[in-house]
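First comes the structure, then the notes that go with it.
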Amino acid sequence: MAAERFIRTTLLPSPAQKSQIRDATRSYAPPPQEIPDILSSIRPELARYDAEILRLKSELYTLEQERMQLQMYYDEANALSSPVRLVPSEILAAIFALQQPPTLETDPETGSTDNAMAILAQNHLLVLSRVCARWHDIVLGTPALWSNVELRFPLWDETPYEPTDFDKLMRVLGKVLERGRSIPLSVFINTGVITSYTPMLELLTAHSPRWESLRVHGPRVDLLELLAVRDRLPSLKAIDISGAVAPGSFSIFRDAPLLKSAKLDCSHDDWAQVPQIPLAQLRSLQLTDSYSDDPESPFPSFAIFPHLPPTIHLTLQINPQMDYEFNDRPTIRATSCDVASLTIELLDRCSSAHDYSTLYKALDSLTLPALTSLRLYSDPQPAPISWLPSDFLALSKRSSFSTHLQHLDLWHVEIPESELLEALAGLPALERLAIADWAPDILFGDSLLEALACVAEDEPQRLVPRLTALKVKTVMKFSDMVLLDFLRARLKCGGPFDIELFSLEGYGRELEASFLPGLDELDNLGFSLYPVEYL
């Protein structure tokens with residue numbers, strides 16, 4: 001009885017007895033002879049409690065597992081209603097195509113060979129294929145995603161330092177070609193200074209009828225390694241060749257019926273081979289040249305100019321010559337070129353006068369009797385191209401620009417107003433003009449607008465009477481109403497007229513309130529004003 005009383009009063013208190021129990025346990029102490037009975041009575045109860053706790057834990061674990069499974073099923077069912085599930089597969093494939101591939105690590109410690117292998121395998125697409133079964137099917141089942149084949153220079157390495165697993169390389173290349181099925185291919189081969197691997201080239205050239213574009217870069221380019229593709233390039237549209245070219249290499253392109261674009265960066269000894277390419281069918285040709293030490297032929301690429309058809313758009317990239325003083329430009333042999341469109345671009349510029357010397361050496365040697373579009377381009381940092389009026393005027397007269405030059409882009413040229421007007425006076429056929437302010441100097445101001453207003457009654461006396469489009473990078477230091485008068489006068493010359501203004505950073509402002517109503521009254525006018533960041 002004493003044990004039962006102890007259990008009831010000590011172990012099983014009611015809420016109302018809590019305070020009494022504390023007092024009771026302090027005042028009551030069973031006699032020693034009753035302790036064994038008390039312990040014997042408690043042990044079964046402890047066991048009963050342990051058993052019940054274990055049962056409840058097991059039941060709780062079962063409930064938790066069932067809830068987890070139910071939550072997973074709920075999440076999966078809820079995912080089926082996710083917006084991304086509603087995106088058509090074609091749209092997802094287009095999004096996947098925008099995924100950027102990894103860049104090549106050239107540091108051997110980062111595993112450049114493995115990285116080059118990842119680029120060939122297009123691991124960025126394989127990562128997407130692991131998201132879900134649907135994405136897996138889209139990635140591997142969309143041939144257009146596998147249209148790029150890039151063989152970077154570490155893959156050609158046969159040195160023991162970081163050897164290439166060529167068996168793995170062949171398997172990866174074969175998979176990429178297989179997944180692309182019959183889709184046109186963009187092929188990039190960067191050989192570095194490493195020896196070629198013939199089985200890989202044989203596998204690649206077996207798919208040459210699918211080649212749509214081909215880039216081959218390296219210090220020594222032997223396209224004859226690809227001789228098997230000759231007369232087997234029915235889909236080739238563009239080539240990009242950079243490096244010293246082995247003799248006869250360009251002959252592999254002699255029968256490429258769709259070839260329309262070529263970029264060539266060759267050594268001085270290679271330009272004579274370029275006519276092996278079917279130049280007559282090209283629409284775009286970019287030549288990267290360097291000023292040579294030969295005073296009779298300072299620009300070796302000019303040797304092919306007589307072979308170029310009028311229909312081609314020619315971009316001439318020139319590396320500045322640093323050996324001559326600005327005013328020490330020897331007379332060089334004249335070259336005539338019948339292209340209708342020419343862009344001259346200066347590369348790797350500094351702020352020295354040598355940059356301009358190189359550019360105007362090129363202009364001095366050229367005659368362009370059929371040119372309709374001329375663009376002078378350069379990175380405006382550290383400085384724009386300086387204008388030399390005598391060189392341009394001589395070129396204009398020599399080439400009869402007055403009869404046929406329709407587009408002049410001086411966006412990257414710093415030119416004083418007086419010298420611009422002098423140049424424009426000899427260009428009555430000009431239809432489109434691009435110019436720029438170079439702060440703090442102002443070109444596009446009220447004075448220039450008034451000079452270009454086309455107010456003379458007789459067309460021969462008007463400045464650029466056929467001008468219909470003007471593009472200006474400006475510091476907005478002109479009067480809005482003078483600009484409005486200029487636009488009205490231009491429209492009276494026959495219209496329509498389009499003007500695009502790009503305000504330089506830090507020089508943007510609101511146009512006058514009276515300007516916009518006047519602008520709305522003008523018909524056949526296209527007017528745009530953007531911050532220069534819009535470009």
| request: Could you give me the CA-CA distance, side-chain angles and deciding distance for L236 and L258, then say whether side chain to side chain contact (heavy atoms under 4.5 Å, CB included) is met? | output: CA-CA 6 Å; L236 189 65; L258 298 184; over 6 Å; no

State, with a plain yes or no, whether a side-chain heavy atom of [X] is found less than 4.5 Å away from one of [Y].
X: P384; Y: H412; answer: no
X: R134; Y: S89; answer: yes
X: L169; Y: M200; answer: yes
X: L125; Y: V127; answer: no
X: P199; Y: F166; answer: no
X: T367; Y: C337; answer: no

Would [X] and [Y] count as having a side-chain donor-acceptor pair, cut-off 3.5 Å?
X: S186; Y: S147; value: no
X: S251; Y: R230; value: yes
X: H407; Y: S373; value: yes
X: T288; Y: D265; value: no

Between [X] and [Y], is there a side-chain N and carboxylate O pair less than 4.0 Å apart?
X: R466; Y: E431; result: no
X: D409; Y: R375; result: yes
X: R432; Y: D498; result: no

Using side-chain contact (heavy atoms from CB on, under 4.5 Å) as the criterion, point out the one residue from [options] that pairs with [X].
X: V464; options: L433, L408, L470, L430; answer: L430
X: L285; options: I277, L264, T315; answer: L264
X: H217; options: I189, D240, I241; answer: D240

Under 3.5 Å, which donor-acceptor pairs do the side chains of residues 172-179 form with other protein atoms, sequence neighbours left out?
none

| query | Should the heavy atoms of other residues, nucleotides or ligands under 6.0 Å from NZ of K168 be counted, would the total exceed 12? | reply |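 Check fails, neighbour count at 12 or below.
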
| said: For F392 and W387, take the angle between the two ring planes, folded into 0 to 90°, and tell me which bin it lands in: parallel under 30, tilted 30 to 60, perpendicular over 60. | reply: tilted

| Taking the inter-plane angle between the rings of F250 and F253 on a 0 to 90° scale, is it parallel (under 30°), tilted (30 to 60°) or perpendicular (over 60°)? | tilted

Which heavy atom of [X] sits nearest to which heavy atom of [Y], and what is that distance?
X: P209; Y: S235; value: O-OG, 2.9 Å
X: L363; Y: I344; value: CD2-CD1, 3.6 Å
X: L316; Y: S301; value: CD1-OG, 3.8 Å

| query | Hey, mind stepping through K237 and E212 against salt bridge (Lys or Arg N to Asp or Glu O under 4.0 Å) and telling me if it holds? | reply | CA-CA 5 Å; K237 297 179 180 179; E212 187 174 60; 3.5 Å; yes

| task | Go through the steps for D338 and L308 under the test side chain to side chain contact (heavy atoms under 4.5 Å, CB included), then give the verdict. | result | CA-CA 7 Å; D338 290 334; L308 301 180; over 6 Å; no

| query | Would you say the ring centroid of Y377 lies under 6.0 angstrom from that of W411? | reply |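 For Y377 and W411, the ring centres are not under 6.0 Å apart.
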
